[in-house]
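Okay, so here's the structure we're looking at.
Just so you know, residue 1 is the first one in the sequence shown, and it goes up from there.
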Amino acid sequence: MRNGGRISAAISVLTDVLQRHQPVKIAVRDWGKRARYAGSKDRAWVSGLVLDALRRRNSTAHHMGHDDPRALVFGTLRFAWDWPARDIEQACYDDHGPTPLTNAERDALIMAPDPTAPIHVQGDFPEWLTPHMERVFGPDTVVEAQAMAVRADVDLRVNTLKSDAEKAALPLKSVRAVPSKLLTNAYNIPARDPTEREDSIEGIPAFSKGWVEVQDAGSQIAAAAANAKPGEQVLDYCAGGGGKTLALAAQMQGTGQIYAYDIDGKRLSALVPRLKRSGAHNVQLVHPSEGTSLEPLVGQMDLVFVDAPCTGTGTWRRKPDSKWRVKPAQLAKRVEDQRQILAEAANYVKPGGRLLYATCSFLIEEDEDRVAEFLAADTRFREGDAAEAAIASGLLTDHGAAVVRKFRGPTGSVRLTPRRAGTDGFFFALLNREA
């Protein structure tokens, strides 16, 4: 496909996302079915342009003077992909290209960005979140938010039940992975140019053999803070797809017992093939539909890990369409969920045990507020130093240790962000039950 046809395709896909409320993956897939002539590079190009348009939706719409898909695509080409305005105009005359630029569009493409634009425009986030963002980041709100509006790296966790960092190095060269700066048993694949197709991790032998798992570095650090030990009894209370379950199993060297629980049985079932691939034999799935119950575990767990349901603001780099779907009502619902989940999960921690609370959100309302409220209501627990717990696991590099110490809060919790650590947005706090 020529660039004009690709641009038209991106406008069509973005229209489906914004006006028909389709997820990006579904919209791209449906376009690909209609456009059988499009190759894998064409699909990657179109998908990359749509995702970048969503990442910078506010600032692009402000600059272009319009927020329709056509304006967003043209503005993204100019200001995110650094295309000269003349190249955009020329592409309009390709076969199957969009209609030629209007005078207003042409003028917008040659104007400099507006440095006086409101914070939510410069930072590309929903306007209603402005006070919440400023509460977290203060004067750094714009630069923190801008770091959430770029492409994310891919992080891989080496599964030490089957391999080690040195052994995994050679097979990971095929996907251009480099050792993580933050973690000793992890690799990082830098984000590709938006026009390039990303390598398929699932297609490499190291993945199919269970040597590596895809897991963001921030998530890996949160799991490290749990510091699961061989022989312990562990409950992953909101296990979901099981990424942290697998990380904890590796920490425990396959001994002890992990109970993976989630109210969503479909999500939990996705863990089954991952467990088989990982070689972890000390994991038991717990779900009411399977006739299993958590009742026997009350007061018996050395560790309860709670990766609580949240707004997912920390994943905006990877899921930019979700950024624009976050609403005040959703935040309020998640806060209530977190309140209930923390209170319930605490009942499974034995005296002298610990609870690790984590979210992939940077909002204080979902993080420090929930921890403070919980501690005020349940006097059996005291907050510990989550940063030092992560370091004590031995899974962090010297640089990783410096990062978590730098961004440790006054009570011991840690907040990581793309700007601070190069990870997804992640918060975690360690809550110790008195013996």
Where does the angle between the aromatic ring planes of His63 and Phe79 fall among parallel (under 30°), tilted (30 to 60°) and perpendicular (over 60°)?
-> tilted
Any side-chain donor-acceptor pair under 3.5 Å between [X] and [Y]?
{"X": "Asn185", "Y": "Thr160", "value": "no"}
{"X": "Thr313", "Y": "Ser361", "value": "yes"}
{"X": "His62", "Y": "Asp114", "value": "yes"}
{"X": "Glu144", "Y": "Thr417", "value": "yes"}
{"X": "Ser219", "Y": "Gln215", "value": "yes"}
{"X": "Glu344", "Y": "Gln340", "value": "yes"}
{"X": "Asn58", "Y": "Asp124", "value": "no"}
{"X": "Thr245", "Y": "Asp236", "value": "yes"}
{"X": "Gln122", "Y": "Gln146", "value": "no"}

Heavy atoms of other groups near [X] [atom1], more than 12 under 6.0 Å:
{"X": "Glu202", "atom1": "CD", "result": "yes"}
{"X": "His399", "atom1": "NE2", "result": "yes"}
{"X": "Lys319", "atom1": "NZ", "result": "no"}
{"X": "Ile26", "atom1": "CD1", "result": "yes"}
{"X": "Lys181", "atom1": "NZ", "result": "no"}

Residue set satisfying side-chain hydrogen bond (donor to acceptor under 3.5 Å, both in side chains) with Asp337, at least two apart, ordered chain then number -> Lys333, Arg334
Under the side-chain hydrogen bond (donor to acceptor under 3.5 Å, both in side chains) test, which residues partner Lys323, sequence neighbours left out?
-> none
Measure from NZ or CZ of Arg57 to the centre of the six-membered ring of Trp324 and say whether it is under 6.0 Å with the direction within 45° of the ring axis.
-> yes
For [X] and [Y], work out which heavy atoms get closest and say how close.
{"X": "Gly312", "Y": "Thr315", "value": "O-OG1, 2.8 Å"}
{"X": "Ser278", "Y": "Leu246", "value": "OG-CD2, 3.6 Å"}
{"X": "Ala168", "Y": "Ser163", "value": "N-OG, 3.9 Å"}
{"X": "Pro320", "Y": "Arg55", "value": "CB-CG, 3.6 Å"}
{"X": "Gly123", "Y": "Ala145", "value": "O-CB, 3.3 Å"}

Can you name the one residue among Ile204, Val212, Val154 that meets side chain to side chain contact (heavy atoms under 4.5 Å, CB included) with Val175?
-> Ile204
Option passing side chain to side chain contact (heavy atoms under 4.5 Å, CB included) with Val304 (candidates Tyr237, Tyr357, Tyr261) | Tyr237
Backbone N/O of Ile189 and side chain of Arg176: donor-acceptor pair under 3.5 Å = no
Passing candidate, salt bridge (charged side-chain N to carboxylate O under 4.0 Å, His left out) with Glu213, options Lys244, Arg157, Arg277 | Arg277
Could you give the side-chain donor-acceptor pairs of residues 426-435 under 3.5 Å, partners two or more places apart or in another chain?
unit_1	atom_1	unit_2	atom_2	d
Arg433	NH1	Val349	O	2.6
Glu434	OE2	Arg382	NH2	3.4

OG (Ser269) and NE2 (His287) are apart, to the nearest 0.5 Å, by 9.0 Å
